[in-house]
Amino acid sequence: MATIAMKLNGTVHTTVTNLPYTLANKIRLYALLVLILAFTSCSSGENTYEDTTYEFLKREYSLSKPYQGLGSSSSSHWEFMGNTMIMPEHIRLTPDLQSRQGAVWSRIPCYLRDWELRLQFKIHGEGKKNLNGDGLAIWLTKERMQNGQVFGNTNFFTGLGIFIDTYPNDDKQHERTFPFISAMVGNGSVAYDHDRDGRSTDLGGCAAHVRNVEYDTFLLIRYMKNRLTVMTDIEGKQEWKDCLDTPGVRLPQGYYFGASSATGDLSDNHDLISFKLYELTVERSPEEEEDQQEIMLPSVDYRMDPNVLVEDEGRSIITTFFLFIVSVVVLVVVVVVILFLLNHYKENRRKRFY
């Protein structure tokens with residue numbers, strides 16, 4: 001407190017003020033405003049790699065240095081195959097040599113309904129642009145530990161494949177710039193068209209300059225409420241950019257995560273640095289719960305590809321019924337028109353005789 005003396009009409013009056021108390025209140029108010037602004041900034045800013053919004057890191061489905069959960073022991077959560085090499089700083093799926101294949105696969109089937117995968121990887125080699133190959137793939141499939149032509153995995157897979165394709169096999173198509181990231185949902189009867197870089201079966205994607213860059217490259221894959229989202233951070237800015245967003249993707253539970261790579265006549269080093277899976281907490285309505293339980297085979301809603309048997313069978317029945325109804329209506333109209341014309345012709349002919 002402070003006392004101020006004032007002289008009025010020869011008399012000294014004293015006034016007691018609360019200056020220190022008022023100053024303290026202002027300081028508290030300013031501090032509160034600063035905290036609010038800081039909280040708002042953190043909430044509205046770009047996601048960083050330490051973002052706490054990702055609820056649960058599932059270590060049994062994740063891989064990070066020093067890769068202790070990866071090995072041939074039955075107690076390991078992951079195992080590797082082919083030319084894969086475990087190094088202190090990364091897992092090299094394939095070296096920069098011709099005709100190599102490598103993969104890592106989770107031993108534990110995944111029963112998470114909503115999840116987000118953050119992948120850090122590096123693709124580099126001595127080959128010049130378009131003289132390198134072939135790329136790497138991320139999998140969530142029913143099958144595991146199988147060699148094949150699709151980035152080191154089987155061709156007729158059942159589940160989800162995310163492809164980082166670094167070499168254009170179809171040189172007649174120039175609408176895509178490589179490297180190119182794409183996604184495909186397979187039901188075990190649809191082949192990945194390697195010669196056309198999967199164009200006939202993919203869900204879309206984006207160009208991604210991820211080869212021979214000096215900074216870290218990241219891929220984010222999110223599956224939430226039957227929606228598949230793929231984002232990239234490949235420019236060293238720690239900012240996620242949209243690559244693919246597809247609703248109506250239906251993936252059963254109990255499939256296995258994996259990563260694979262392959263080289264052919266052309267090659268590259270394909271390094272997996274970290275593979276971190278997060279379980280997402282999502283509220284669902286009773287209808288959404290029931291809809292989720294019905295997923296038995298991977299599929300995509302509203303897909304027009306005739307090779308996807310599950311979705312197209314239902315549409316073919318509806319289409320056939322619709323065509324039948326239209327045909328009946330057209331037939332009735334034609335009959336009515338013919339009867340009208342015939343009646344009109346008879347009436348005119350009758351008038352000639354009078």
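Look at Lys122 and Asp268 and you find no salt bridge, because none of the NZ, NE, NH1 or NH2 atoms lies under 4.0 Å from a carboxylate O. Salt bridge annotation for Arg227-Asp245: present, with a cationic side-chain nitrogen under 4.0 angstrom from a carboxylate oxygen. Ion pairing between Lys237 and Glu235 holds under the 4.0 Å rule for side-chain N and carboxylate O. Comment: Lys276 does not engage Glu116 in a salt bridge, judged by the lack of any side-chain N to carboxylate O separation of less than 4.0 angstrom. A salt bridge does not link Arg199 to Asp193: none of the charged side-chain nitrogens sits closer than 4.0 Å to a carboxylate oxygen.
Under a hydrophobic-cluster definition in which Ile, Leu, Val, Met, Phe, Trp and Tyr are linked whenever side-chain heavy atoms come within less than 4.5 Å, directly or via other members, Leu251 and Ile108 are assigned to the same cluster. In the hydrophobic cluster analysis, where Ile, Leu, Val, Met, Phe, Trp and Tyr join through side-chain heavy atoms closer than 4.5 angstrom, Phe156 is grouped apart from Val185. A continuous path of hydrophobic side-chain contacts links Tyr61 to Leu228 [ILVMFWY only; heavy atoms under 4.5 Å]. Criterion: ILVMFWY side-chain heavy atoms under 4.5 Å apart, direct or through other members. Under it, Ile123 and Leu93 are part of a common hydrophobic cluster. Following chains of ILVMFWY side-chain contacts shorter than 4.5 Å, one can reach Leu136 starting from Val210, so the two form part of one hydrophobic cluster.
Under a 3.5 Å cut-off, the side chain of His270 and the backbone N or O of Gly135 do form a donor-acceptor pair. Checking side-chain atoms of Asp197 against main-chain N and O of Asn169 turns up a donor-acceptor pair under 3.5 Å. Looking at Asn83, its side chain does come within 3.5 Å of a backbone N or O of Gln101 through a donor-acceptor pair. The backbone N or O of Ser72 lies less than 3.5 Å from no partner atom in the side chain of Ser76, so there is not a single donor-acceptor pair. Although no hydrogens or angles enter the test, the distance criterion places a donor-acceptor pair under 3.5 Å between the side chain of Asn155 and the main chain of Tyr192. Between the side chain of Asp114 and the backbone N or O of Lys225 there is at least one donor-acceptor pair closer than 3.5 Å. In this structure, the side chain of Ser274 does not engage the main chain of Ser64 through any donor-acceptor pair within 3.5 Å. A distance-only check finds a donor-acceptor pair linking the side chain of Asn269 to the backbone of Asp96 [under 3.5 Å]. Of the possible donor and acceptor atoms, one in the side chain of Asn212 sits under 3.5 Å from a partner among the backbone N and O of Gly125.
At a threshold of 4.5 Å between non-hydrogen side-chain atoms, the residues Val332 and Val330 do not count as touching. A heavy-atom distance below 4.5 Å is found between the side chains of Asp216 and Gln120. In this structure the side chain of Phe163 never reaches within 4.5 angstrom of the side chain of Ile138, judged on heavy atoms. A heavy-atom distance below 4.5 Å is found between the side chains of Pro95 and Arg100. Between Thr229 and Ile221 there is no side-chain heavy-atom pair separated by less than 4.5 Å. Contact of the Tyr167 side chain with the Leu266 side chain is registered, since non-hydrogen atoms from C-beta on lie closer than 4.5 Å. Residues Leu341 and Val337 are in side-chain contact: their nearest non-hydrogen atoms beyond the backbone lie under 4.5 Å apart. You'll find the side chain of Asp195 stays beyond 4.5 Å of the side chain of Asp170, heavy atoms only.
The heavy-atom pair separating Ile181 from Ala208 by the smallest distance is CD1-CB, 3.6 Å. Heavy atoms only, all atoms of each residue included: Arg107 and Tyr256 are closest at O-CE2, 3.5 Å. Gly152 and Ser260 get closest at one heavy-atom pair: C-OG, 4.2 Å. Across all their heavy atoms, Ala259 and Leu272 have their closest contact at CB-CD2, 4.2 Å. In this structure, Leu277 and Leu57 approach most closely via the heavy-atom pair O-CD1, 3.5 Å. Of all the heavy atoms in Ala183 and Ile162, the pair that sits closest is CB-CD1, 3.4 Å.
Ser261 and Thr94 form a side-chain donor-acceptor contact under 3.5 Å, judged by distance and modelled atom types alone. No hydrogens or angles considered: a donor-acceptor pair under 3.5 Å links the side chains of Asp271 and His124. If you check the side chains of Thr158 and Glu143, you find a donor sitting under 3.5 Å from an acceptor.
For Phe157 and Trp139, the distance between ring centers is under 6.0 angstrom.
Annotation: the span from Thr217 atom OG1 to His209 atom NE2 amounts to 10.5 Å, rounded to 0.5 Å. Atom CZ of Phe275 and atom OH of Tyr67 lie 12.5 Å apart (nearest 0.5 Å). Here OG1 of Thr232 is found 12.0 Å from CG of Leu119. Values are rounded to the nearest 0.5 Å. Atom CZ of Arg113 is separated from atom CD of Gln253 by 6.5 Å, given to the nearest 0.5 angstrom. Here CE of Met145 is found 11.0 Å from CG of Asn153. Values are rounded to the nearest 0.5 Å. Separation of atoms OG (Ser106) and CG (Leu63) is listed at 8.5 Å; rounding is to 0.5 Å.
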*For ring-ring contact (aromatic ring centres under 6.0 Å, His included), just list the numbers for Phe218 and Phe121, CA-CA rounded to whole Å, side-chain angles, deciding distance to a tenth of an Å, and then say yes or no.*
CA-CA 6 Å; Phe218 297 86; Phe121 64 97; 8.3 Å; no
_side-chain contact (heavy atoms from CB on, under 4.5 Å) between Val336 and Val334, worked out_ = CA-CA 5 Å; Val336 170; Val334 171; over 6 Å; no
*Please assess Met81 against Trp105 for the test side-chain contact (heavy atoms from CB on, under 4.5 Å), listing each intermediate value before the final yes or no.*
CA-CA 8 Å; Met81 59 183 295; Trp105 284 96; 4.1 Å; yes
*Evaluate side-chain contact (heavy atoms from CB on, under 4.5 Å) for Thr246 paired with Leu244, printing each intermediate quantity in order.*
CA-CA 7 Å; Thr246 304; Leu244 181 149; 3.4 Å; yes
_Intermediate values then yes/no, salt bridge (Lys or Arg N to Asp or Glu O under 4.0 Å), Asp301 and Arg250_ = CA-CA 8 Å; Asp301 293 347; Arg250 302 181 179 274; 3.0 Å; yes
*Under the side-chain contact (heavy atoms from CB on, under 4.5 Å) rule, what do Phe257 and Trp115 come out as? Steps first, then yes or no, please.*
CA-CA 12 Å; Phe257 278 105; Trp115 47 266; 4.1 Å; yes
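Under a cut-off of 6.0 angstrom, the local environment of CE in Met296 is sparse, with at most 12 non-hydrogen atoms contributed by other residues, nucleotides or ligands. The number of heavy atoms from other shown groups lying within 6.0 Å of CD (Glu60) is above 12. Counting heavy-atom neighbours within 6.0 Å of Arg59 CZ, excluding the residue itself, gives a total of 12 or less. The number of heavy-atom neighbours closer than 6.0 Å to CE of Met85, taken from other residues, nucleotides and ligands shown, is above 12. The local environment of CD in Gln149 is sparse, with at most 12 non-hydrogen atoms from other residues, nucleotides or ligands closer than 6.0 Å.
Under the 30°/60° scheme for interplanar angles, the aromatic rings of Phe180 and Phe178 are found to be tilted.
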